[in-house]
2 protein chains.
Amino acid sequence: MEEWAIFRNTSEGREALQFYLRKVDRRGALSEEAREAFLSLDVKLQDYEMYRQIVSEGELTNHCALIVSGCASRFKTLANGERQINSFHFRGDMVDLQSALMLKSDHSIRTHSPCRVARIECRAVLQLAQQFPEWARVLWFDTLVDAAIFREWTLNVGRRSAVSRVAHLLLEIAHRLQDIGESDGYEFQMPVTQTDLADAAGLSAVHTNRSLQTLRQRGLVRSFGRTMIVLDMPAMCAEAGFDRNYLYPAGPRGLPAAV
Amino acid sequence: MEEWAIFRNTSEGREALQFYLRKVDRRGALSEEAREAFLSLDVKLQDYEMYRQIVSEGELTNHCALIVSGCASRFKTLANGERQINSFHFRGDMVDLQSALMLKSDHSIRTHSPCRVARIECRAVLQLAQQFPEWARVLWFDTLVDAAIFREWTLNVGRRSAVSRVAHLLLEIAHRLQDIGESDGYEFQMPVTQTDLADAAGLSAVHTNRSLQTLRQRGLVRSFGRTMIVLDMPAMCAEAGFDRNYLYPAGPRGLPAAV
DNA sequence: CGGGTGCTTGATCTCTATCAACTGGTGTGG
DNA sequence: CCACACCAGTTGATAGAGATCAAGCACCCG
């Protein structure tokens, strides 16, 4: 069993919630009242080792999970054990927001590093949405952003070549890490192994490795150990067909007169 | 230009909205007041011919689109014109719900048959969510169901064999058509061409055709013209790795005491 | 009747998977 | 401190899945 502790309105709990608040606040400012209501939610902080499942497919859920540190992924598996990763998640991501409304999870969530997770009761999230239409809008919008990412990933695995897929994933990771201040957009520490990258790209691990080599040989990236550096950003974006808009859609739309 | 007409609270407009109301009402009953508020929304009915774009990628949106009749798909395209379909939509689907909050569309929507579409102003949808927390929950949940379908599709194109992919798509279509009373779950009229099916499966049209032939030869399906019949449902589900739960997730969770 | 579209088939080629082995780093226990 | 196991990354050889190219057929519709 993992270690965990409950923080009721403590500074550590608030700090965890701040990561999410900061992210959604960038999309459109929340009222002071709404911010405070969110920050006073009760959270349960929980630490996971590397490669532990936070949520398992088919599981009944009571809590939403917010990543405080580390990297996690959402994935589904085939009967034969093959795995498809649907998204990567980092600090500030509400990785299991859907549990607020869905009784059962249709997919699993697993850590790719030691992770600290803040769990919030579904009921508390629902009450927040009930009390504050602006929170309802923010949470719904967050789900829409997730959906946009899933669509882009389907395009990635369905229609792009192996090299393009890998390039696309690298660029998404670069942006996501830049968002949380862990990259300048060019250089970053790979948060996952090549095997995991393969499960995200819908490729075999061997071919993912060779696709990475192609990117290196063509001078688009450089890497040593876990360090990855994008050397030629325009060429990478061209190769990947990458357009960052899907990560940062404009919105949420506000009500013109009312709010 | 397409023909269209505005219906303010008329019987024809209400009838169009009923299709969506019926669908979401099955997931959890709405209050009479909430139902009525929805049904009195202003809608603009619009008729499209086959293969017309309802929404184009990058477009600024003002309206949500609800399918009243026909079949449409959401898709994204690569620079070289290759297309990946993300989902199919039928009567009663709010195909462009995301426009309520997102200012721009990240993907396109296209008809696969003559379609009647009901357009609702974004502002009206947002007001509904603002006024009725139960509507906010219903719309958010609908988005979550969409997201679950996208995840399943990513798994489909990323990790399944060609035959399995095609089988999976056929089964999803069978279920969706059964939902709206246009199939008994076994026999249905194919709503899209094999070329479109290929774009949904992440395959070439030729290989999609051969995959269908494999399903026929193995006695899993029979088809003539547009008619498709699932002959061996257990074998089809096994081949596709199909589990209908992703289409019908349990929820939305209600508030225990409050509502 | 002609042209378009969707479905089908055959031949060939390319891309990606699979299998197997080897390297180097890391951690562990004797 | 060394032997060992383990894992991520890498390489080579081979097999197989699916793409591509090209052509023909059937059907519908003007």
Side-chain angles (χ1 to χ4, degrees), chain A residues 49-51 71 73 78 80-85 111-114 156-170 189-217 221-228 239, chain B residues 49-52 71 73 78 80-85 110-114 156-170 189-217 221-228 239:
Chain A
E49 294 168 21
M50 196 180 188
Y51 293 141
C71 171
S73 72
L78 252 36
N80 65 15
E82 280 191 274
R83 168 181 317 210
Q84 176 64 50
I85 294 180
T111 63
H112 290 264
S113 71
N156 205 36
V157 299
R159 283 292 181 224
R160 279 198 260 259
S161 71
V163 174
S164 300
R165 287 185 217 185
V166 171
H168 198 278
L169 283 172
L170 293 181
Q189 296 305 108
M190 274 299 290
V192 301
T193 65
Q194 289 185 7
T195 303
D196 297 323
L197 209 57
D199 284 336
L203 296 169
S204 69
V206 171
H207 203 65
T208 299
N209 178 285
R210 290 184 168 129
S211 299
L212 275 169
Q213 289 179 47
T214 302
L215 290 175
R216 281 195 287 254
Q217 281 156 24
V221 302
R222 196 155 69 90
S223 75
F224 42 94
R226 282 271 167 135
T227 301
M228 175 71 60
E239 174 59 49
Chain B
E49 293 168 24
M50 197 178 187
Y51 292 141
R52 293 298 159 96
C71 171
S73 72
L78 252 36
N80 65 15
E82 280 191 273
R83 166 180 317 206
Q84 176 65 48
I85 293 180
R110 189 175 81 127
T111 63
H112 290 263
S113 70
N156 205 38
V157 299
R159 283 293 181 225
R160 280 197 258 258
S161 72
V163 174
S164 299
R165 289 185 216 184
V166 172
H168 198 277
L169 284 171
L170 293 181
Q189 297 304 110
M190 275 298 289
V192 300
T193 66
Q194 289 184 6
T195 303
D196 298 323
L197 208 58
D199 284 335
L203 297 170
S204 69
V206 171
H207 203 64
T208 300
N209 178 285
R210 290 183 168 129
S211 300
L212 276 169
Q213 288 179 49
T214 303
L215 291 174
R216 281 195 286 254
Q217 279 157 26
V221 303
R222 195 155 70 88
S223 75
F224 41 95
R226 282 269 168 137
T227 302
M228 176 70 63
E239 174 58 49

Exercise. Is it true that a side-chain atom of A:Thr193 and a backbone atom of A:Asp196 form a donor plus acceptor pair closer than 3.5 Å?
Worked result: yes
For this session: Answer yes or no: is there a donor N or O on one side and an acceptor on the other, between the side chain of B:Arg52 and the main chain of B:His112, under 3.5 Å?
Result: no
Exercise. Closest approach of A:Gly202 and A:Gln84, non-hydrogen atoms and distance?
Worked result: CA-OE1, 3.8 Å
Seminar exercise, completed: Closest heavy-atom pair, B:Ile85 versus B:Ser73, reported as atoms and distance to 0.1 Å, is CG2-CB, 3.8 Å
Exercise. Starting at NE2 of A:His112 and ending at C1' of D:dC7, how long is that distance when rounded to a whole Å?
Worked result: 16 Å
Problem set entry | Set of residues satisfying salt bridge (Lys or Arg N to Asp or Glu O under 4.0 Å) with respect to B:Arg210, sequence neighbours excluded | none
Exercise. How many Å lie between CG on A:Leu197 and C1' on D:dA8, as a whole number?
Worked result: 13 Å
Problem set entry | Interatomic spacing from CZ in B:Arg165 to CZ in B:Arg159 - rounded to 0.5 Å | 10.5 Å
For this session: For A:Phe224 and C:dG25, give me the distance from atom CZ to atom P, rounded to whole Å.
Result: 15 Å
For this session: Of all the heavy-atom pairs spanning A:Cys71 and A:Pro191, show the shortest one and how long it is.
Result: SG-CB, 3.9 Å
Exercise. So, A:Ser164 side chain and A:Glu239 main chain: donor-acceptor pair closer than 3.5 Å or not?
Worked result: yes
For this session: Say whether, by atom type as modelled, one donor and one acceptor occur between the side chain of B:Thr227 and the main chain of B:Ser223 under 3.5 angstrom.
Result: no
Exercise. Taking only residues two or more places apart in sequence, or in another chain, which ones meet A:Arg83 in a side chain to side chain donor-acceptor pair (under 3.5 Å)?
Worked result: none
Exercise. Hey, is the main chain of A:Val166 close enough, under 3.5 Å, to the side chain of A:Thr208 for a donor-acceptor pair?
Worked result: no
Show me the protein contacts with nucleotides 26-28 of chain C, counting only N or O atoms at under 3.5 Å.
none

For this session: Check for a donor-acceptor pair, side chain of B:Arg226 on one end and backbone N or O of B:Met190 on the other, with a separation under 3.5 Å.
Result: yes
Exercise. With respect to the phosphate group of C:dG6, does any side-chain polar atom (N or O) of B:Tyr51 fall under 4.0 Å of OP1 or OP2?
Worked result: yes
For this session: Return the angle between end axes of the helix from C:dC1-D:dG30 to C:dG30-D:dC1, with five pairs used per end and rounding to 10°.
Result: 30°
Seminar exercise, completed: When every non-hydrogen atom of A:Arg160 is compared with those of B:Leu78, the smallest separation belongs to NH1-CD1, 3.5 Å
Problem set entry | Footprint string (nucleotides 10-19 of chain D, 5' to 3'): B base within contact, S backbone only, - free, heavy atoms under 4.0 Å | BBBB----BS
Protein-nucleic acid N or O pairs under 3.5 Å, nucleotides 25-30 of chain D:
none

